[in-house]
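Report on one structure; see the data block that follows.
Every chain is numbered from 1, with letters handed out A, B, ... down the list of sequences.
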2 protein chains.
Amino acid sequence: MPDKKEITSLKQIFEQELFNNIVPFWETHSQDQKHGGYFNCLHRDGRVYETTKHVWLQGRQAWMFSKLYNQNQAKPEWLKIARIGIEFLQKYAVRPDKRLYFSLNREGKPTWIQRKIFSECFYIIALAEYSRAVDLTDLMKEAEEQFEVVWNWSKDLSRLGRPVLEGQIPSRSLAVPMILLNVIEELTGGASTGYEQEIEECIRQILLHVHENKETIFETVGMDGEFIDSIEGRLLNPGHAIEAGWFLHRWAAILNNKELQQTAVNMIRWSHNQGWDQEHGGLFYFLDYKGYSPTQLEWFMKLWWPHNEAMIGHLLNFSVTGDQRDWKLFKLVQEYSFNHFHDDEYGGWFGYLNREGVVTHTFKGGPYKGFFHVPRSLWICLKLLEKLECT
Amino acid sequence: MPDKKEITSLKQIFEQELFNNIVPFWETHSQDQKHGGYFNCLHRDGRVYETTKHVWLQGRQAWMFSKLYNQNQAKPEWLKIARIGIEFLQKYAVRPDKRLYFSLNREGKPTWIQRKIFSECFYIIALAEYSRAVDLTDLMKEAEEQFEVVWNWSKDLSRLGRPVLEGQIPSRSLAVPMILLNVIEELTGGASTGYEQEIEECIRQILLHVHENKETIFETVGMDGEFIDSIEGRLLNPGHAIEAGWFLHRWAAILNNKELQQTAVNMIRWSHNQGWDQEHGGLFYFLDYKGYSPTQLEWFMKLWWPHNEAMIGHLLNFSVTGDQRDWKLFKLVQEYSFNHFHDDEYGGWFGYLNREGVVTHTFKGGPYKGFFHVPRSLWICLKLLEKLECT
């Protein structure tokens, strides 16, 4: 078991990494002082290599700075950064029909739209957290209304233009109930009031992906949760399943549901066991349940975000189980992550490694990597370590 | 310079690889005797790991078996294999509006449609080559009509449902004029009759991507061929540029255009120089012109098909230049390919290696790999080696 000293020392490492490395890197390099919003495509040294602004990452960064402002320290600079993101999104990303674009050019004109709900979801969490920072109920109302629209779309994604074709096997994607459950947590600030039915429905849907007898969480399952023996149905995404696990942990705590808590503990342990590369360390990005090669070319790579999710997952597990095995898993992932993703030379974290753990992509921000997974993970772990320190 | 003996020995290697390895592997494992069409998702040992039938690969396989039947040997078995693909596509893949699906389930019901023209293009070349095999002019007429429709779509891809948004920089993609030029070659059997204007237009568009002063071929350029300094505009795909080079070689020969021939020679040499990994060998999948990390996660991987294109490209270069440097490049790529992609144990070729050249995906066929690039390359090189043997 870790002693107080070890916990305190780790807490300091996380604090240092978040506030003296990650936050300053993005404060310094990502703000577009001229047109608003954030540059999210940042080279290793912080230079902007692409001015396109990806809406997922605009929303996520506005959310994260609002969160730090609300929960850590009310620094005017952080609020200002959150504001330029919120204003940019409100002005340019939202269409009259409440859909949001996927990407905008530097000036805010749209360049792409997806037939998915994720741009909208990250906008909602940004609005909600920012509204708490500035105490503007209008913004919270907008977030709630946007959620209602997204909730309805989520029941039938063909409304967003995805083709429905005769040969498709009706199926469920883990990503949808996961993100919606996380959005509700952010909307309510961790209370269940007003969204009891939606919460129950999200949890029910997530659990359809958890096959206890196989100790496996499937990304895609049939409408009743049944296994589908196809490329899609066999697909495992260990980092994603671990993230689903820690989302459920939070609700298990809010709802005081011990059974759900045990499921969350299992999801994180099982997914780690399946996903950890015994040869080279690190979590694989994708696997095939039956051991075929996943068809994704990048399946064997080690991405930063599954490791961010796993740090949270194992530390949450340890916080409720007190089991040394969970602490060891946390330390394993924490050491792998800090040794491989942290950039000593220019600050920030790399995002992509090959199977052996060598950096393959030198940028700090890209179309899918911004100021989100790293600071969220450091922040949540820091708070958990603080609690552990006091017990 | 290679002597006759070396050429003859290489010719035998290509012949052996095509007819005793690749063709039997796909003859044995890919035919769906029950529902028609081909299984294109084949495991290392030939087992079917996914029954979805990807339309690109159905068309390509029907084309390739028709080609071997027409140009190598009129084996009834090859014609029969071509026929089950053609019939499956005609019956299930073509919509009333002449668009084709991207994928069908085993029974032929559609599971996905893209907002692109490639399913259609591979269908056209399959129809055209098969019509020559069975001497059915109706089929050639269908191919010609389908081409007319695709040609019109190609002028404005928003007709296929791709969103046109205000912030997009108007741009040209190398893939479109390339594939259309190749389709015309297959339609006409290598004559320019009837398509003079279309051929000229495709060549004109391809050349907009060739920046002689930079010795670089860009995947995406502005409407007048200008360089765009963005992730997309800086993107290089060396194998694709080499393929464009050898497509132009063929037309340079047909049109007896020496200037075009020199451009083709340059495109292949330049792209090889930029794309070859000096450290580990093999052609990178993607590069960024300014040396940033490409945002594609798989940029550093070595895929089979760029090497197939490069074998054709360098051998075509050598055939017209007689320059020893081109022969050396051909040998370099040929040796790398046979040493890394060929599977001694189960036959067929692997498709995907990591940067160091280790196989990362064990399957022989997948959603984008079928009976096409390997046999096409072996077949064209075999014919070129035969010619060199006789000079």
Side-chain angles (χ1 to χ4, degrees), chain A residues 41 43-44 47 49-53 92 101-115 161-163 165-169 229-234 285 288 290-301 303 350-352 354-356 358-363 366-369, chain B residues 41 43-44 47 49-53 92 101-115 161-163 165-169 229-234 285 288 290-301 303 350-352 354-356 358-363 366-369:
Chain A
C41 290
H43 188 53
R44 182 176 180 187
R47 253 182 304 155
Y49 65 91
E50 165 76 36
T51 55
T52 296
K53 290 165 180 167
Y92 300 116
Y101 295 108
F102 174 71
S103 54
L104 308 167
N105 70 9
R106 185 176 174 189
E107 292 77 22
K109 290 185 181 154
T111 59
W112 196 248
I113 186 160
Q114 288 186 315
R115 298 172 290 187
R162 292 190 82 74
L165 298 167
E166 211 191 339
Q168 290 167 348
I169 298 171
D229 194 357
S230 70
I231 288 175
E232 281 204 321
R234 292 192 303 265
Y285 188 13
D288 177 287
K290 291 198 172 171
Y292 294 111
S293 298
T295 53
Q296 287 84 356
L297 300 200
E298 66 273 25
W299 75 267
F300 57 87
M301 290 177 69
L303 272 62
F350 296 114
Y352 305 90
N354 67 10
R355 182 168 175 189
E356 292 74 18
V358 179
V359 173
T360 54
H361 296 66
T362 52
F363 53 73
Y368 295 92
K369 181 178 189 292
Chain B
C41 290
H43 188 53
R44 182 176 180 187
R47 253 180 305 154
Y49 66 90
E50 165 75 35
T51 55
T52 296
K53 290 165 181 168
Y92 300 117
Y101 295 107
F102 174 72
S103 54
L104 309 168
N105 70 9
R106 185 176 174 188
E107 292 78 22
K109 290 185 181 154
T111 59
W112 195 248
I113 186 160
Q114 289 187 315
R115 298 171 291 188
R162 292 190 81 74
L165 299 167
E166 208 192 340
Q168 289 166 348
I169 297 171
D229 194 355
S230 70
I231 288 175
E232 282 204 319
R234 291 192 305 265
Y285 189 13
D288 178 288
K290 291 197 171 170
Y292 293 111
S293 300
T295 53
Q296 287 83 356
L297 299 200
E298 66 274 23
W299 75 267
F300 57 86
M301 290 177 69
L303 272 62
F350 296 114
Y352 305 91
N354 67 10
R355 182 169 174 189
E356 292 75 17
V358 180
V359 173
T360 54
H361 296 66
T362 52
F363 54 73
Y368 295 93
K369 182 176 188 292

Margin query: For chain A, which candidate among Lys109(B), Lys369(B), Met301(B), Lys290(B) shows the most heavy-atom pairs at distances under 4.5 Å?
Written below: Lys109(B)
Margin query: Which atoms of Glu356(A) are under 4.5 Å from chain B, going by heavy atoms: the side chain, the backbone, both sets, or neither?
Written below: side chain
Check: Checking heavy atoms, do the side chain of Leu303(B), its backbone, both or neither come under 4.5 Å from chain A?
Finding: side chain
Notebook entry, point to check: Side chain, backbone, both or neither: which part of Tyr101(B) has a non-hydrogen atom closer than 4.5 Å to chain A?
Noted result: side chain
Check: If you tally heavy-atom pairs under 4.5 Å against chain A, which of Phe363(B), Tyr352(B), Tyr285(B), Tyr49(B) wins?
Finding: Tyr49(B)
Checklist line | Contacts of type side chain to side chain donor-acceptor pair (under 3.5 Å), residue Asp288(A), not counting sequence neighbours | finding: Arg234(A)
Check: Which heavy atom in Thr360(A) sits nearest to a heavy atom in Trp299(B), and how many Å separate them?
Finding: O-NE1, 3.0 Å
Check: If you look at every heavy atom in Pro367(B) and Ile231(A), which pair is closest and at what distance?
Finding: CG-CD1, 4.2 Å
Next item on the list: Flag the one option from Cys41(A), Pro294(A), Ser103(A) with the top tally of heavy-atom pairs under 4.5 Å to chain B.
Entry: Pro294(A)
Item checked: Ser293(A) side-chain N/O to Thr362(B) backbone N/O, donor-acceptor pair under 3.5 Å -> yes
Item checked: Set of residues satisfying side chain to side chain donor-acceptor pair (under 3.5 Å) with respect to Arg106(A), sequence neighbours excluded -> Asp32(A)
Note to self: Using heavy-atom distances under 4.5 Å, tell me whether His43(B) contacts chain A through its side chain, its backbone, both, or neither.
What the structure shows: side chain
Notebook entry, point to check: Among Arg355(A), Gln296(A), Glu166(A), Glu232(A), which has the most heavy-atom pairs under 4.5 Å with chain B?
Noted result: Glu166(A)
Checklist line | chain B contact via Arg44(A) - which portion, at a heavy-atom distance below 4.5 Å | finding: neither
Next item on the list: Kindly say whether Leu297(B) contributes a backbone atom to a donor-acceptor pair with the side chain of Glu298(A) at under 3.5 angstrom?
Entry: no
Margin query: If we define contacts as heavy-atom pairs under 4.5 Å, which of Glu107(A), Arg162(A), His361(A) has the most with chain B?
Written below: His361(A)
